[in-house]
S.K.: 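Below is one structure. I have some questions about it.
Any value given below was found using the heavy atoms of this structure, including those in side chains, with hydrogens, waters and symmetry copies removed. Each ligand, and each atom within it, is numbered from 1 in the order the structure gives.
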Amino acid sequence: MQDELHTNRAGNGSSAQPVASLQSVYKHFENIEALQGINLALFPGEIVALLGPNGAGKTTALNVLLGRRHPDRGEARLFGEDPRKPEVRRWIGATPQEISFPPTLTIAEIIDLVRVHYPEPLARLEVLKRFGLTGLEQRQAGGLSGGQRRRLAIALAFVGNPRVVFLDEPTTGLDVEARRELWQVLRSYASGGGLVLLTTHYLEEIEELADRVVVLHHGSVLIEGSVDAIKACVGLKQIRFSAPALPSLPNVARIVEENQRYCLYAIDADAVVRELVRQGCEFRGLEVLPTSLEDAFLVLTGDEH
Ligand code: ATP
């Protein structure tokens with residue numbers, strides 16, 4: 001498992017050079033240490049999820065990688081160069097967390113406006129099709145629904161035919177179907193060699209999509225590895241059952257109760273079940289389940305209570 005954790009290689013095992021990296025990057029804002037010596041290396045063909053509680057430094061890390069913020073110390077590299085260089089930025093696409101468009105421009109006009117900034121943009125029709133915007137091209141941005149606006153913002157990240165896309169909470173506000181469609185687009189982009197770095201608060205999205213997860217906490221990398229490696233590192237199991245009351249139990253990390261249905265988190269589920277039996281607990285509907293990424297995340301960041 002340790003081999004899977006802290007790995008700095010692409011999921012396919014290649015030893016390619018990173019297309020984007022942060023080396024010992026520090027960034028502060030007034031008295032806030034937003035990034036505290038972050039190292040990150042991102043490789044072609046990967047989907048990497050940047051996770052962390054609010055304020056952990058995810059957006060700041062993205063902004064440093066994108067050349068929008070300059071590190072106080074350390075170095076950011078895109079294709080081996082300073083990300084502030086315009087010629088480097090031509091090959092990246094990004095979707096910010098907050099999006100707004102000129103309300104009177106149509107979708108077609110907005111796409112064309114972005115296309116002209118890139119040397120080898122995708123055809124407008126291709127962009128519309130890929131992001132489920134076909135038929136909406138003459139719609140003014142001011143008349144789009146929240147989900148349509150979000151799809152347009154994501155589409156614009158891909159318009160320049162980038163080799164790397166940075167997506168800050170891309171699926172916020174998308175319905176389930178649109179979210180799944182976007183996952184498919186991202187998978188197919190990565191399988192063609194593109195690199196995706198995304199932040200999200202939807203942990204289910206990461207379980208579905210990410211080859212690698214980097215958990216930030218207080219501006220540092222807390223842990224890094226595959227979804228399974230991170231879950232295994234936490235090593236908790238869920239023990240679920242209904243019971244009229246819960247006896248006092250040792251070695252249980254967390255207890256959640258709703259209407260006499262309990263969910264216990266423990267490393268040794270067998271021992272907990274044996275203890276329930278020993279104490280004569282009248283449990284029903286017992287299930288022992290692996291930990292979700294969400295549980296692992298809460299335990300890792302110490303926010304589980
Ligand atoms: P969220 O999940 O809420 O989007 P995040 O992990 O993206 O959070 P950042 O936006 O990178 O976190 O912020 C990291 C820390 O730096 C926070 O404490 C934030 O308040 C602070 N910060 C970020 N940008 C600025 C700024 N321009 N001025 C002052 N403080 C800032």
S.K.: If you look only at distance, which donor and acceptor atoms sit under 3.5 Å apart when one is on a side chain in residues 240-250 and the other is two or more places apart or in another chain?
M.R.:
from, atom 1, to, atom 2, distance (Å)
Arg240, NE, Gln238, OE1, 2.9
Arg240, NH2, Gln238, OE1, 2.7
Ser242, OG, Arg261, NH1, 3.1

S.K.: Kindly state whether the ring of Phe158 and the ring of Phe131 have centres lying under 6.0 angstrom apart.
M.R.: yes
S.K.: Could you measure the distance from the CG atom of Leu186 to the CG atom of Leu198? Nearest 0.5 Å is fine.
M.R.: 7.0 Å
S.K.: What protein heavy atom is closest to atom 14 (C) of ligand 1, reported as residue, atom name and distance in Å?
M.R.: Gly55 O, 3.4 Å
S.K.: N/O of Ala34 under 3.5 Å from N/O of ligand 1, yes or no?
M.R.: no
S.K.: With the threshold set at 4.0 Å, does a side-chain nitrogen-carboxylate oxygen contact exist between Lys237 and Glu287?
M.R.: no
S.K.: By number and element, which atoms of ligand 1 are closer than 4.0 Å to a non-hydrogen atom of Ala56?
M.R.: 5 (P), 6 (O), 12 (O)
S.K.: Find the distance between CZ (Phe166) and CG (Leu197) and round it off to the nearest 0.5 Å.
M.R.: 6.0 Å
S.K.: List the steps, then state whether salt bridge (Lys or Arg N to Asp or Glu O under 4.0 Å) holds for Arg130 with Glu181.
M.R.: CA-CA 9 Å; Arg130 220 189 267 187; Glu181 280 169 16; over 6 Å; no
S.K.: Hey, is Asp82 close enough to Arg77 for a salt bridge, meaning N to O under 4.0 Å?
M.R.: no
S.K.: Just to confirm my output: which protein heavy-atom neighbour is closest to atom 1 (P) of ligand 1, and how far is it?
M.R.: Asn54 ND2, 3.6 Å
S.K.: Any idea which protein heavy atom is nearest atom 2 (O) of ligand 1, and the distance to it?
M.R.: Lys58 NZ, 2.7 Å
S.K.: Look at ligand 1 and say whether Gly52 reaches it with a heavy atom at a distance under 4.0 Å.
M.R.: no
S.K.: Which heavy atom of the protein is the closest neighbour of atom 23 (C) of ligand 1, given with residue, atom name and distance?
M.R.: Phe29 CE1, 3.4 Å
S.K.: Specify the protein heavy atom at minimum distance from atom 10 (O) of ligand 1: its residue, its atom name, and the distance to 0.1 Å.
M.R.: Thr59 CB, 3.6 Å
S.K.: Measure the distance from atom 4 (O) of ligand 1 to every protein heavy atom, then report the residue, atom name and distance (to 0.1 Å) of the closest one.
M.R.: Gln97 NE2, 3.2 Å
S.K.: Looking at atom 29 (C) of ligand 1, is any protein heavy atom nearer than 4.0 Å to it?
M.R.: yes
S.K.: Out of Leu216, Thr60, Asn31, Leu51, whose heavy atom sits nearest atom 11 (O) of ligand 1?
M.R.: Thr60
S.K.: Against ligand 1, does Arg69 come closer than 4.0 Å with any heavy atom?
M.R.: yes
S.K.: Of the protein's non-hydrogen atoms, which lies at the shortest distance from atom 18 (O) of ligand 1, and what is that distance?
M.R.: Ile32 CG2, 3.6 Å
S.K.: Should Arg180 and Glu177 count as an ion pair when the cut-off is N to O under 4.0 Å?
M.R.: no
S.K.: Can you tell me if Ser21 and Gln23 form a side-chain donor-acceptor pair at under 3.5 Å?
M.R.: yes
